[in-house]
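Protein chains get the first letters and strands the later ones, always in sequence-line order, with residue 1 at the start of each. The figures that follow rest on heavy atoms only: side chains count, while hydrogens, waters and symmetry mates do not. All of these numbers come straight from a predicted model, not from anything done at the bench.
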Amino acid sequence: MNAWRSLLFYWRSQSIVLVGIAIACAVLIGSLAVGDSAQQSMDYMRAKRLGQIDQAIIMQGRFIHDGFAKRLSEKTQVELTAVLTLRGLVSNPSKQIKHPRILVHGVSDSFWSFAPKVNKEKSEDGLAINSALAKYLQVEQGDELVLRLEQPSLLSRDAPLTPDDDALVATRLSIANIVDDQSFGAFQLSSSLEGTMNVFLPLSQLQDLTEMKPWVNQIFTKEINDIAAFERAMSEEWRLQDVGIDIVKTTSGSELRSQRIFIDRFIGDHVAESASGVLGYMVNRFEAGDRKTPYSIIAGLDKPLFAEDPLQQPSALNDNEIIINQWLADDLQVKAQDEVNISYYELQQNNDLVERQRTFIVRDICSIRGLAADRSLMPPFPGLADKDDCREWDPGSHVELDDIRDKDEAYWDAYRGTPKAFVSYVAAQDMWANRFGNATAFRSSLSPEQLSNELRQKLHAEDFGIVLTPIKELSEKASAGGARYITSVFVSLNMFLVIAAFILITLFYSMFIEQRRRESGVLFSLGFTWPHITLRLFKEQCVLLIIGLLFGCLGAYVFFTLFSNQLSSTWSDAIAGAQLSGSIAPLSFIIGSVATAAIVLGVCWYLLRRFRQVASADLLRLSSEKIVKSPMRLIVVAGICFIMAIAALLWLPLAPNDPIRFFVAALLILLSGLCVLAALFRHLDSEHGPLNQKRLIALNMSRQGRRHLLLIAMLAGCVFLIVASSAFKMEPGSISYQRTDGTGGFHLFGEVSLAVEKNINTKPGQDLYALDVESLHSAHVVHMRSNNDDEASCLNLNQSETPRLWGLDWSYLNQQQAFPFMQSYACTQSPWELLKEKREGRIPVIGDVNSLLWNLGKGLGSVLTYATASGETYELEIVGLLQDTMLQGGLLMDEQYFTEMFPHVHGYRFLMVDTNGQQTDAVAQHLSNGLQQLGLVLEDSAQRLDRYNAVRNTYIVIFQIIGALGVALASVGLAAIVLRQILERRQEFALLRALGYSSTSLKRMIFLEHAWIVVLSLGIGIVAALVAILPLHNGVDSVLGALIPLVLIAIVALFSAWCACQVAMRGSLLEGLRSE
Amino acid sequence: MSESVVQLDGVCKHYGDGTTKRDVLKDVSLNVEVGDRLAVIGPSGSGKSTLLNVIAGLDSVDIGTVTRFGLENADHSDEKLARWRNAHVGFIFQDHHLLPQCTVIENILMPICAFASVEEKDKQRAQGLLEQVGMSDRAGSWPHQLSGGERQRVAVLRALILQPQLILADEPTGALDEENSEQIADMLDSLQQDTGAALLIVTHQRALADRMQRIFELAQHQLREL
């Protein structure tokens, strides 16, 4: 009851504290609620994307037999569905609308039972598309679409001797169904918020269309109760045939072949004891003197294989020896011990085929019989083995058909791919082993069953990427991470407002306690103990706190509604376009209220403790008695802060232009300025100078130094925030194409739906895509490989622990010194060179600081772990951080390491085009035309960077608005303090009036006191902000740009002080002089 | 005939709004001349302080006229009244009301700052006044370092620094013990005689009132001479 009465009596001063508590609570809960809402929104989207999928087997560039899924399902009784997913393009021919980036899923009926909402009515078989794609293409059920798909192959398209001409499949189909999101139209494994354009075909139809029967590349399961048992079943049920390995019976035993042509090294390692390797290849020509034999098959044979055919060869070949068959010996007119030169293509990291030569000594000449007549030694290279005529060959490399003679054609007709020569297995591997494998067959004396059993014992399902991925759990983690990120961002953004509210609370609560000094002193003198007195005040504050929290909870709804409306519209960039939905979680109410209560009670308890320390005798005296303190200690602190600021600028172990360095220095300067001001107040307080009105103003300012300092800190903080943040805003269109800018000097950035297989800087690449050399003569294209992981930039709210990887040849970037680095391990060399060498077994990677630091919480030296399709785990170390570049969202690594990690991910999906600023439009047009069939989407680099900057700009705008709210709060504080001080000093003003001061001059004096606060706040805030924006070339412009907000701040603050003066000086001051 | 400093004719003053009206002064007339020593006594709430405020121009009257020496009757703007008060009136209160942020001498010199800058001669005069009351060594002290009697002496000196023609003292010894009250009364007598200013004291203390030439009682909101 007493607490209520006391609150009601002191309602004026307490109402400000109440407002402060309510604002702090509302802002805290509201900020947490933005995260809640983002979480709910992402959960909802995840449910639509994944439906009832819990676990997945994702083959990452490999394929698996669909029978494996059936067997596994039967054995485990877990619902499974096998899917073949391919990239493609689609167009609506009637309206000429195209979408360059779609996923085509070959699905069986069981797939639809995984939908979020299962439709019991069986829909018509045939082409189905999701509603988003239907809307985009403006099509309805029954309309026709033209689909272009990548032609998958078990043999990677990057592998040597792979044909180029059948990379795409096109078909025209009618739409049988349009699938809405709830029926699994939104199916998508990636956690991108952008949404996927999906096309669904019956699995068998897609397999037929792409000649991929019976292969699939994804298997999904519903919830599995016993994961361990399921994994055991997986390892028991998989067969070699499921991963494209065939073991066939031969006359002497068995032979292992892979439908991927090249056999993975790890298989070779396991089979080496019981089988002999074969590596067949096509050489461009044999030469002896001026005689040449074009395009012939040659085989490298392991030693035991030579021993197997003793009639032909009693002992193994040396690595520089070759056995040629009689046909070749006749053609080249060579005999034993003569030299034969061979020319062959070697596969480079960037898919270029470079011609190499090697000279061998003819060890012997064999007749075409026995092993030397074995046609199966030639691997079934597509484009070669299946052609009846040599002139139809398309081995994926340049073939000079004119060089093929009639006798070569005759040999092909008679012997097909029978090798014309044999070298040692070691020599063959030295020349033709590649990342896809180092053998094309293994031959064993064991029976197929024996060899198969032996291999099954040594090989494991995970060696082939048959591993369960907890896709739902990972997705939940990614969205939870995203929600945490959003929460932390908005709590951080709003923290300034919260701090401002707490400063206000502290300020007013300390004034309130001051107001109660006399009363407390009387109570003390009446026999109350200090615990009694402070507990009484504390109880009052608890009541006030509860009321404040109630208002805060109501305010949180308003704050959240306003914020989420803005975030769903004007500020949508800040949350990557996600639509916020849902309500505030009860936990957020609890956290926000408890945090506010804890801080308020902490402040309250601290102030009451200080209050208790004052002697009771002092409490009974008039307030505001003067205690003169020396300013020296404050000057020392200011000096230390200043020196630390200089030290931060010069020696902080960060990159020279790292904004954090300047922000730390700026905050220290801000602190130093406040200390100087505090010292100045103390100095003024103790100085015996000439007395005049100016000095009186100074004395009055210093008299309430602590209050004024808190106000100045609040206002200076607002000024600092507004000036500094406006400097970091990147205006759209302000981006240049300098090498040291975020575009790296590249004018265009492209992404293709179907991979670019050849380097388009070279003639073979230009020929393949019908690109004109002349049109591209001034351009250089940097090709980037990419895995399927998610973009980890500000454009994706979900936080993938393994962001997208880009494998590239960085030499051009190094040569051009492209892109600005914020930080790297590089001392003297270019940071790009750090990508070359592994660091203690870790693969070096470079990424943009915005993605790494803000999205993933990673920095220089952080290590990320990736698991690959072959079950291997790779550690990646961040060796360099790019600053504000268009390469956000992924990690850059050397192409060699990328292909080591992902040997089966073929081609390039991202392109950076350097046009050297000449004819950019023409180059863009030419590339778009040439790579149209691959679904190339070219974007102006500056526009791409603008999209990322838009997110930052939105945050800055939010930050500035919060700064403005802070200014409003500070202005309320300023006005309230002016009012409060005038009320406290009414006796003083009444006296001055009695001494002859006019009310105008008194108002002027009071106003000037507070105007100085505003001026000093602006000064300190601007100086600190200038330090913060030192690294920016547009620093001065930014201050000028912030001039209007600064003037507004000044006007608002001065106006609120003026209003307070007017209100407070109204009425009679004389009451203050009465002692009766 | 002595010169008038301030003259009140039929002054009425009430507080409150239209519905609750409380009379404070009713038909009060008073003529204060240079050198007068007047005391006003009366119970609490009788309107003694209001009478002083009306005389000093800090409060307006509802009915009647207040004629102030050196001020045109028509010119009662805040600024003019403030200048008149500053030049002609010295105010002393029951509480000292010294500014805690100013030293003793600065408090004494405070009235000068209202319309001018403090000059050396002002400081010398303030120092001289302090010597007169035996406080020359306390010029640089802070108010909280003084005793209650000392603070009130400084308040008296502050009222006299501009050599006013009228000293208005509102219970000047009300917060002091007997000894200090006596000292302040002596000091007021002495300084008033030195300056020749009119002295109007409002007090409860009959002993202090008895020191004055004329004593008035304010009872039932009306002023009558005893």
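Taken from CG in Asn86(B) to CG in Leu992(A), the straight-line distance is 10.5 Å, to the nearest 0.5 Å. The line from NZ of Lys80(B) to OG of Ser998(A) is 11.5 Å long, rounded to the nearest 0.5 Å.
Proximity to chain A involves both the backbone and the side chain of Leu109(B), based on heavy atoms less than 4.5 angstrom apart.
Few gaps surround CD on Gln145(B); more than 12 heavy atoms of other groups in view lie less than 6.0 Å from it.
For Tyr997(A), the ring pair (Phe, Tyr, Trp, His ring centres under 6.0 Å) criterion is met by no residue, not counting sequence neighbours.
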